[in-house]
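The block underneath contains the structure these notes are about, expressed in structure tokens.
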Amino acid sequence: MDYKYIEQLLESYWQCETSLEEEQILRTFFSQKEVPVSLLRYRDLFAYQQDEKQADTLDDDFDRRILEMTGSATPVKARTISLTQRLKPLFKAAAIVAIILTLGNAAQVAFNKDLPDDAVEMAGVQQPQEGPKVAMGDTLRIDTLQANMQPVAVTPTDKGLE
């Protein structure tokens, strides 16, 4: 029988030019019981790969035995944490800062009312000032538009009738 194709595959295998399918062909060929004497020296290499591939699988009860050895019967699952749960400490800190600033401002106003005006100005706090009461001080009772529109007596000289 002619084994030129197998010899060509071996040559390309040693040059690292074979595909996965061609390597599988070589493994299948060398896993047979009858291999030519000229190619018998390569049998152990390809048969070893085929045997080890089958021997490296784990049993079905491997996970069960490992879990019994570690003492935990069920695996721990990870929880998902939402964005609001992650930012909750930041929200709490911001609320505390806002409360402290509000209480501080309220205390400052309460203490500043007891001080004289010049001390308040020195502290940098400006008291509201009352402006002139323009609407309250308006004593003019005549409407200015109607005052300008009063009839005026016309003389013949004004009309140019002379």
- Item | Listed partners of L40 passing side chain to side chain contact (heavy atoms under 4.5 Å, CB included), at least two apart |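 Once residues adjacent in sequence are excluded, the partners of L40 under the side chain to side chain contact (heavy atoms under 4.5 Å, CB included) criterion are V35, R43.
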- Message: Can you list everything that forms a side chain to side chain donor-acceptor pair (under 3.5 Å) with E17? Sequence neighbours excluded, please.
- Response: none
- Message: Tell me every residue that passes side chain to side chain donor-acceptor pair (under 3.5 Å) with S19, counting only those two or more places apart in sequence or in another chain.
- Response: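 E21.
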Show me the side-chain donor-acceptor pairs of residues 81-91 shorter than 3.5 Å, one per line, residues at least two apart or across chains.
unit_1 : atom_1 : unit_2 : atom_2 : d
S82    : OG     : T84    : OG1    : 3.2
S82    : OG     : Q85    : N      : 3.4
Q85    : OE1    : S82    : N      : 3.3

- Task: Give me the ring orientation class for Y42 and W14: parallel if the planes are under 30° apart, tilted from 30 to 60°, perpendicular past 60°.
- Result: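 Judged by the thresholds at 30° and 60°, the geometry between Y42 and W14 is tilted.
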- Decide yes or no on side-chain contact (heavy atoms from CB on, under 4.5 Å) for Y13 and E23, but give the supporting numbers first. CA-CA 8 Å; Y13 180 80; E23 290 177 16; 3.9 Å; yes
- Apart from I99 itself, its cluster of hydrophobic side chains linked below 4.5 Å comprises L103
- Message: Looking at every heavy atom in both L26 and L9, which two are closest together, and how far apart are they?
- Response: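 Scanning both residues, the minimum pair turns out to be CD2-CB, 3.8 Å.
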- To the nearest 0.5 Å, what is the distance between CD (E34) and CZ (F29)? 10.5 Å
- Query: Looking at CD of Q108 and CG of L101, how far apart are the two atoms once the value is rounded to the nearest 0.5 Å?
  - Reply: 11.0 Å
- What pairs with R65 under salt bridge (charged side-chain N to carboxylate O under 4.0 Å, His left out), at least two apart in sequence or on another chain? D59, D61
- Show your working on side-chain contact (heavy atoms from CB on, under 4.5 Å) between F30 and L10 and close with a plain yes or no. CA-CA 11 Å; F30 285 109; L10 281 173; 4.1 Å; yes
- Evaluate side-chain contact (heavy atoms from CB on, under 4.5 Å) for V109 paired with N105, printing each intermediate quantity in order. CA-CA 6 Å; V109 169; N105 286 340; 5.6 Å; no
